[in-house]
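First comes the structure, then the notes that go with it.
Remember, predicted model here, so these are calculated numbers, not experimental data.
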Amino acid sequence: MRAAPTILHLDMDAFFAAAEQASKPSLRGKPVVVGGLGPRGVVATASYEARRFGVHSAMPTGQARRLAPNAAYLVPRFAFYRSISEQVMELLRRLSPLVEPLSLDEAFVDLEAGGVADDSASARAAGERLRVDILATTGLTGSVGLAGSKMIAKIASEEAKPDGLVLIEPGTERELLGPRSVRILPGIGPATGEHLRRAGMTTVTDLVEAGEDELVRLLGRAHGASLYRMAQGYDDRPVVAERDAKSVSVEDTFDVDLHDRVRIRIEVERLAERCVGRLRASGHSGRTIVLKVRRYDFSTLTRSETLRGPTDDPGVVREAAGRLLEAVDTTGGVRLLGVGVSGLADYTQEDLFAQADAAAAGEAGAEAAPGGGDEAEAEELVEAAEHGPVERHWAPGNDVRHAVYGAGWVQGSGVGRVTVRFEEPWSGPGRVRTFSVDDPELEPSEPLPLVRGDAAA
């Protein structure tokens with residue numbers, strides 16, 4: 001525990017939804033929900049306006065629509081959010097070499113290690129400067145917590161929301177925590193909270209008064225002892241600059257259960273490609289390929305295969321995932337598929353046998369389909385043969401550009417039509433126009449920067 005509040009926790013305010021409101025002037029001040037839009041979709045983030053209706057993260061989108069039927073429902077644009085996150089993380093790294101990202105919109109910073117703070121006044125000044133810099137750089141707001149430990153700094157940033165700063169002086173932790181619900185402490189979820197409630201403990205003070213021995217009896221030695229220390233406000237975890245990833249994975253939940261075995265195989269191969277993309281972006285390779293299958297009855301199966309050496313070859317991962325799928329019974333339907341790679345390393349030692357198999361399969365495919373090239377292109381041809389021409393998909397919230405009307409975003413589509421609102425982050429609310437989904441003058445587009453200065457740079 002530190003004698004000065006030099007550990008900073010930053011949490012961007014309703015990050016995904018706020019980014020969408022900043023890029024779409026017509027949505028500012030209105031309820032916005034970002035997440036999966038299908039029957040099984042869940043809410044990723046809700047704007048503060050949507051939260052007033054009871055909408056929150058991880059809620060089924062169907063339930064959110066019942067609570068806030070007039071909100072704007074948009075698909076996530078993760079590449080866009082990641083670009084903003086990189087700008088924010090760069091601002092944090094200017095404060096200190098010790099920055100510990102927790103997610104795209106959240107991180108700890110050791111201000112003392114950066115030499116920018118050694119007491120309450122300098123810590124507060126650094127936090128306020130950070131908030132100003134984030135707004136100027138991204139057009140978004142973040143909430144800052146300052147304290148002598150990571151646990152208390154995170155609690156402080158939650159109290160600061162939205163768009164505020166809270167500093168908790170070291171030495172006041174027990175006074176702060178005492179009357180709070182036990183759920184405020186890290187590691188206490190609904191199940192543990194209910195277990196403690198049945199034992200007569202609902203506040204942090206109750207935990208302290210119960211004593212370490214009683215908590216160990218209820219929760220086991222490791223959890224009980226750790227919880228007792230946190231209840232007293234003690235947390236000596238350091239800010240760790242590098243958080244080594246243990247695995248990389250991607251998964252998709254389908255609106256309708258998949259029954260066709262060929263379609264399931266195609267989806268697994270697509271997931272393998274996406275997974276390798278993330279693996280390479282992180283600068284890693286991996287030895288163990290993992291397949292996750294959630295069936296129609298919500299039972300979840302995982303299968304894994306460990307290669308001779310680490311790989312980041314999409315063909316190797318794709319073939320391994322396909323082999324794992326062969327061992328899974330998908331009778332009855334599949335609602336979720338996932339592909340992951342674990343046993344990560346920062347070098348590649350290819351599984352030459354698997355690579356040779358993949359190459360042989362590729363040559364056989366070329367012979368069977370003369371003139372064929374890209375596998376993605378081949379899959380589109382298969383879809384076209386089975387289902388007719390491939391139609392461009394216009395997802396709500398995605399960026400577009402029209403040859404005449406310029407930049408805009410998709411409000412909705414259906415029955416062969418797509419509705420677009422034409423506006424830019426720095427304009428006022430724009431006009432709405434409707435086009436045919438195959439209008440040659442309408443094309444998907446990259447997001448515009450939220451701050452106009454970036455456009456000129």
Side-chain angles (χ1 to χ4, degrees), residues 14-81 84 252-256 380 383 387-450:
F15 182 46
F16 297 170
E20 296 297 346
Q21 289 176 316
S23 68
K24 301 171 172 64
S26 59
L27 297 183
R28 292 171 191 169
K30 298 180 180 178
V32 173
V33 178
V34 178
L37 304 187
R40 293 174 180 162
V42 297
V43 175
T45 307
S47 70
Y48 287 101
E49 295 86 355
R51 294 180 192 186
R52 297 191 189 108
F53 293 91
V55 180
H56 58 77
S57 300
M59 170 183 284
T61 302
Q63 182 181 352
R65 288 186 185 276
R66 290 190 292 272
L67 293 172
N70 296 321
Y73 288 84
L74 309 175
V75 297
R77 298 186 293 161
F78 289 112
F80 177 50
Y81 309 146
I84 300 171
D252 275 343
T253 300
F254 304 102
D255 293 344
V256 179
E380 286 190 1
E383 289 181 1
H387 306 294
V390 177
E391 185 178 279
R392 288 184 294 180
H393 181 59
W394 303 102
N398 278 357
D399 296 276
V400 296
R401 179 170 288 277
H402 191 274
V404 175
Y405 301 109
W409 58 277
V410 177
Q411 281 201 326
S413 64
V415 200
R417 312 292 287 175
V418 55
T419 300
V420 177
R421 184 180 288 272
F422 291 97
E423 58 188 7
E424 298 174 337
W426 41 83
S427 72
R431 295 190 63 179
V432 174
R433 298 181 184 275
T434 300
F435 307 90
S436 169
V437 294
D438 57 1
D439 189 321
E441 294 189 310
L442 186 67
E443 295 289 342
S445 175
E446 292 298 313
L448 294 171
L450 297 183

key: Neighbour count >12 (heavy atoms, 6.0 Å) for atom CD, Gln63   = yes
query = If you take all heavy atoms of Pro31 and Ser47, which pair is closest and at what distance?
reply = CA-OG, 3.6 Å
request  = Taking the side chain as every heavy atom from C-beta outward, state whether Glu49 and Gln21 have any pair of such atoms under 4.5 Å apart.
outcome  = yes
key: Leu448 CG to Trp426 CH2 distance, which is reported to the nearest 0.5 Å   = 4.5 Å
ask   = Crowded around Arg417 CZ? As in, over 12 foreign heavy atoms under 6.0 Å?
value = yes
ask   = What heavy-atom pair brings Leu37 and Thr61 nearest, and what distance separates the two atoms?
value = CA-CG2, 4.5 Å
ask   = Between Ser57 and Thr45, is a side-chain hydrogen bond (donor to acceptor under 3.5 Å, both in side chains) present by the stated rule, with each step listed?
value = CA-CA 5 Å; Ser57 300; Thr45 307; 4.8 Å; no
query = Tell me, do Phe422 and Arg433 make a side-chain contact under 4.5 Å, heavy atoms counted?
reply = yes
ask   = About how many Å separate OG1 of Thr419 and CH2 of Trp394, when rounded to the nearest 0.5 Å?
value = 12.0 Å
inquiry  = Nearest 0.5 angstrom please: Glu424 CD to Leu450 CG, how far?
reply    = 12.5 Å
key: Smallest separation among heavy atoms of Gly430 and Arg421, with atom names   = O-NH1, 2.6 Å
ask   = Side chains of Val432 and Val420: closer than 4.5 Å at any heavy-atom pair?
value = no
Pairs under 3.5 angstrom only: tabulate donor-acceptor contacts from the side chains of residues 67-81 to other protein residues two or more places apart or in another chain.
{"unit_1": "Tyr73", "atom_1": "OH", "unit_2": "Ala64", "atom_2": "O", "d": "2.8"}
{"unit_1": "Tyr73", "atom_1": "OH", "unit_2": "Arg65", "atom_2": "N", "d": "3.2"}
{"unit_1": "Tyr73", "atom_1": "OH", "unit_2": "Ala68", "atom_2": "O", "d": "2.8"}
{"unit_1": "Arg77", "atom_1": "NE", "unit_2": "Glu20", "atom_2": "OE1", "d": "3.4"}
{"unit_1": "Arg77", "atom_1": "NE", "unit_2": "Glu20", "atom_2": "OE2", "d": "3.1"}
{"unit_1": "Arg77", "atom_1": "NH1", "unit_2": "Asp399", "atom_2": "OD1", "d": "3.1"}
{"unit_1": "Arg77", "atom_1": "NH1", "unit_2": "Asp399", "atom_2": "OD2", "d": "2.1"}
{"unit_1": "Arg77", "atom_1": "NH2", "unit_2": "Glu20", "atom_2": "OE1", "d": "3.0"}
{"unit_1": "Arg77", "atom_1": "NH2", "unit_2": "Ser23", "atom_2": "OG", "d": "3.1"}
{"unit_1": "Tyr81", "atom_1": "OH", "unit_2": "Glu20", "atom_2": "OE2", "d": "2.6"}
{"unit_1": "Tyr81", "atom_1": "OH", "unit_2": "Arg77", "atom_2": "N", "d": "3.3"}

Interatomic distance, Met59 atom CE to Arg51 atom CZ [nearest 0.5 angstrom] = 11.5 Å
